[in-house]
4 protein chains.
Amino acid sequence: MSLRKKKIEKKKEEILRSAAEVLNEKGYHGATMEDIATKLLMTKGSMYYYFKNKEDLYFQCHRMMIDKSNEKIEDIINSEKSPLEKLRSAIISHIKLATTEKSMFSLMDKPEQKFSGEYLEDILQQRSEYEKNFDQIINEGIQSGEFDHVDVKLLRLLILGSLNWILEWYSPEGGKTQDEISEAFSDYLLRIVKKQC
Amino acid sequence: MSLRKKKIEKKKEEILRSAAEVLNEKGYHGATMEDIATKLLMTKGSMYYYFKNKEDLYFQCHRMMIDKSNEKIEDIINSEKSPLEKLRSAIISHIKLATTEKSMFSLMDKPEQKFSGEYLEDILQQRSEYEKNFDQIINEGIQSGEFDHVDVKLLRLLILGSLNWILEWYSPEGGKTQDEISEAFSDYLLRIVKKQC
Amino acid sequence: MSLRKKKIEKKKEEILRSAAEVLNEKGYHGATMEDIATKLLMTKGSMYYYFKNKEDLYFQCHRMMIDKSNEKIEDIINSEKSPLEKLRSAIISHIKLATTEKSMFSLMDKPEQKFSGEYLEDILQQRSEYEKNFDQIINEGIQSGEFDHVDVKLLRLLILGSLNWILEWYSPEGGKTQDEISEAFSDYLLRIVKKQC
Amino acid sequence: MSLRKKKIEKKKEEILRSAAEVLNEKGYHGATMEDIATKLLMTKGSMYYYFKNKEDLYFQCHRMMIDKSNEKIEDIINSEKSPLEKLRSAIISHIKLATTEKSMFSLMDKPEQKFSGEYLEDILQQRSEYEKNFDQIINEGIQSGEFDHVDVKLLRLLILGSLNWILEWYSPEGGKTQDEISEAFSDYLLRIVKKQC
DNA sequence: AATGAATGAGGGTTCATTCAT
DNA sequence: TATGAATGAACCCTCATTCAT
């Protein structure tokens, strides 16, 4: 990649990060291109040099985030840990990403309301990848006998649901810290898969 | 209540129900008053005979749903069941309401993005009532020794998170049925509170 | 006129009086039929039993007022007073009517902005009648030698202008009383016509 | 001021001038933003690049006019003329401004019907300044013994009323010319203050 | 690479008016 | 005689998008 391209890439990411904050705060339709531009000390018009349109901007925010998520979970899967530890790591990693990058992570819900056509397909595709990775961990656990027999899909939905919902109430300032949440949630959720006695 | 008032009330509810579907499908900002009216074979203008404005319409959708939720959970609390059974009932009841009234239930997230002022206050107030009721069940269980020691708030957030997220993937047509989901989720979630051995 | 018709007539006048207040306070376009109806403890729809439409309502307010004005000035003209006293009376009478019936009187300016077609013609016609009456008094004064030579039309415009403008600042509660205004204005305005020395 | 700012200022004034005509012709509520834009060969939306909203546009029309009025009268006050000549100048100047800029000047009545909040306050404040200046001239005349004893406020109201009312009937095409009006009105009105014999 | 200016489609809302009852 | 309900046109305003510079 040429230096020039790299510079543009950097700028884009800067924009994305800032845009995500506004988008998350006001919602996709609630946030105007002007809002986003203002925060970046740019003008509305300039945004169109970097992004085709608002949907595209939003899409790239989304993409950035899901890429990170997938990288993380793949690292975990490829690690040497036991399934239980893998699941714990995945949970903790998800919480960490979600709470650290709250703004960008929050953009990821209800994609059908914001995207259409190819954009939507692409997004759903990436999501399902993440879910498959999650499922794989659970399946490993069951096969190794470490986990109880569970409905893999429903359990994954339960877990990810509880994790994603964290964004609805988490605030970096008050309440529980990232670590408290991570510890409690991973503890509680792992109880579900552990063999009952 | 006079006959006329009753009739108006009926009509309002009919509108709310239909509006919820559109609002849920397209999101608050994405759905136009025209969209909502058209679905009811009314005109945009007529909606304003029944509701002060869009926010008001949305608010009343919200209110209708949360009232139902609160009624249900209060019934459960006042029943003669054991804490464990109460929690199971609360989970199942929540799932049932959410999946049966998917459209309206779905409207309930991210109220800060859609409401302001008094509306917002009112909604947050009603929500916290529901949460308190949930917490009470968990507390009862801990005090009676039936439940393990848990962080009540975090557990409640975990549970409600996983339940609310159901709306993101549940579809009445395909996949899991209400009953399957209810059974699995209540089973899994109760494992968390049961005394470990 | 039948009793029934008379009753309707009474009702109409009651409506007109009340309507005028609202219309004057908020302006023609600013006042809604609902505003007017509410003040009368009626419903919007009912107004249409008495008036063809808003313009008609407004027109009749206007008409009511200008009829009164014309009656008054004709009485003055037909009286036995000297031109000077007639003019004084006309001034005082105009002030009295304007301040007493401020609401209705205020409706009378800028008719071109509110009326069109026949309504407008009718109104302009009635106005010019009033003006002619005023001019006649001035002419009498000049012919009798009591008044100085003046441009009748311009003087009439000056006088009526200053009188009509009273509505812009007069308030029944504070400031000058009707009598103070009447005395000062008639005194000042008559100075103009009196023979200079 | 930068070139750009100057350009924008020019454009704004151009809009104001044109807007005033439409606003005057149809009244504040009767004139639509579309009407105003069309006359300028612009689109409705473009107007909002220059003005926050309709009230703002109207306000600035108003402000432009009243600023000019105040400038003029202050020049007169600061001149070396006698009170009588000052009053004559003020009258003539007022007439000239009103008839030359009929459209904009006409906008100035009934501000309470069109403005609210800060806008209204600002306007009433500016008006009262103009009135104070007028009063000062009259007071000077009385103190110098050149004028008769009069109620300053009522006389000012009489004079300004008769002058402002000119807009109700003046037309640049027909009838009296600016000069004829100026001469007659200043002559007549000055008779009021001159010592009687 | 950036922006000032303009656009136009569309959204929420208001309101005079109608009409069945 | 009166009204509740509905309508639809019009209005103000917003905003994503474009384009000349």
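Chain letters run A, B, ... following the sequence lines, proteins first, then strands; residues in each count from 1.
The salt bridge (Lys or Arg N to Asp or Glu O under 4.0 Å) search around B:Lys39 returns B:Glu21, not counting sequence neighbours.
Atoms CD (B:Glu34) and C1' (F:dG8) sit 10 Å apart, rounded to a whole Å. Distance NE2 (D:His29) to C1' (E:dC15): 13 Å, rounded to an integer number of Å. As rounded to whole Å, 9 Å separates atom P of E:dT13 from atom CD of B:Glu55. When rounded to the nearest whole Å, the span between CG of B:Leu40 and P of F:dA5 equals 16 Å. For D:Phe51 and F:dC12, the CZ to C1' distance is 16 Å, given to the nearest whole Å.
Comparing C:Gly45 and D:Lys52 against DNA chain F, the residue whose closest nucleotide sits nearer the 5' end is C:Gly45.
Counting non-hydrogen atoms under 4.0 angstrom, B:Lys7 reaches nothing in the nucleic acid. Within the nucleic acid shown, C:Ser46 comes within 4.0 Å of at least one base atom, counting heavy atoms only. Here D:Ala31 lies in heavy-atom contact (under 4.0 Å) with sugar-phosphate atoms only.
Judged by distance alone, the side chains of A:Lys114 and A:Tyr58 do bring a donor and an acceptor atom under 3.5 Å apart.
Within the structure, every side-chain polar atom (N or O) of C:Tyr48 is placed at least 4.0 Å from both OP1 and OP2 of E:dC19. Residue A:Tyr50 places at least one side-chain N or O under 4.0 Å from the OP1 or OP2 atom of E:dA2. Taking only side-chain nitrogens and oxygens, A:Lys44 never comes nearer than 4.0 Å to OP1 or OP2 of E:dA2. OP1 or OP2 of F:dA5 sits under 4.0 Å from a side-chain N or O of B:Tyr49.
With hydrogens and angles disregarded, no donor-acceptor distance shorter than 3.5 Å links the side chain of B:Ser46 to the backbone of B:Met42. With hydrogens and angles disregarded, no donor-acceptor distance shorter than 3.5 Å links the side chain of A:Lys102 to the backbone of A:Asn24.
In the helix from E:dA2-F:dT21 to E:dT21-F:dA2, the terminal helix axes, each the rotation mapping four pairs' C1' atoms onto the next four within five end pairs, subtend 20°, rounded to 10°.
For D:Glu14 and D:Lys10, the salt-bridge test fails: no basic side-chain N is under 4.0 Å from an acidic carboxylate O.
Other residues, nucleotides and ligands contribute more than 12 heavy atoms inside 6.0 Å of the NZ atom of A:Lys110.
The cationic group of B:Lys52 does not satisfy the cation-pi geometry with B:Phe59, failing either the under 6.0 Å distance to the six-membered ring centre or the 45° limit from the ring axis.
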